[in-house]
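Everything on this sheet refers to the single structure shown next.
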Amino acid sequence: MAQRYKRFWLAEDLPSVSIPGEIERRGLRTVTTNSPIEAEAYFLKEGINWHSEEYVELEEVVTYLLE
């Protein structure tokens with residue numbers, strides 16, 4: 001389940017529209033999604049570059065699920 005949640009650090013500001021599966025934005029260049037494959041496809045389609053990504057820890061996933 002935790003592998004469905006991924007955080008991306010972008011090389012540019014996030015667009016004003018939601019990213020597929022977006023559940024949280026941190027600042028202008030960090031987004032967490034529960035649809036990482038769709039988010040990556042969206043980034044590629046829109047020409048949005050990211051420089052880092054990581055799966056979200058299980059503790060944090062549980063927090064998202066309880067909200």
Checklist entry - Is a side-chain N or O of Thr33 found less than 3.5 angstrom from the main chain of Pro20, in a donor-acceptor match? => result yes
Checklist entry - Once you round to the nearest 0.5 Å, how far does CZ of Arg29 lie from CH2 of Trp9? => result 14.5 Å
Checklist entry - Does the Arg7 side chain pair with the main chain of Tyr55, one donor and one acceptor, at a distance under 3.5 Å? => result no
Next on the checklist: Is the shortest side-chain heavy-atom distance between Tyr42 and Ile37 below 4.5 Å?
Outcome noted: no
Item to check | Leu10 side chain near Ile48 side chain, heavy-atom distance below 4.5 Å | outcome: yes
Checklist entry - With a 4.5 Å limit on heavy-atom distance, are the side chains of Phe8 and Glu40 in contact? => result yes
Next on the checklist: I'd like to check Tyr5 versus Glu57 (side-chain heavy atoms, cut-off strictly below 4.5 Å). Are they in contact?
Outcome noted: no
Checklist entry - How would you list, by chain and number, every residue that makes a salt bridge (Lys or Arg N to Asp or Glu O under 4.0 Å) with Glu12, sequence neighbours excluded? => result none
Next on the checklist: List the residues meeting salt bridge (Lys or Arg N to Asp or Glu O under 4.0 Å) with Arg26, not counting sequence neighbours, and say none if there are none.
Outcome noted: Glu24, Glu60
Checklist outcome for this item: In short, Ser35 meets Gly21 closest at the heavy-atom pair OG-CA, 3.8 Å
Next on the checklist: Between Arg25 and Leu14, is there a side-chain heavy-atom distance shorter than 4.5 Å?
Outcome noted: yes
Next on the checklist: Please report the interatomic distance CD(Glu46) to CD1(Ile19), rounded to the nearest 0.5 Å.
Outcome noted: 8.5 Å
Checklist entry - Once the angle between the rings of Phe43 and Trp50 is folded into 0 to 90°, is it parallel (under 30°), tilted (30 to 60°) or perpendicular (over 60°)? => result tilted
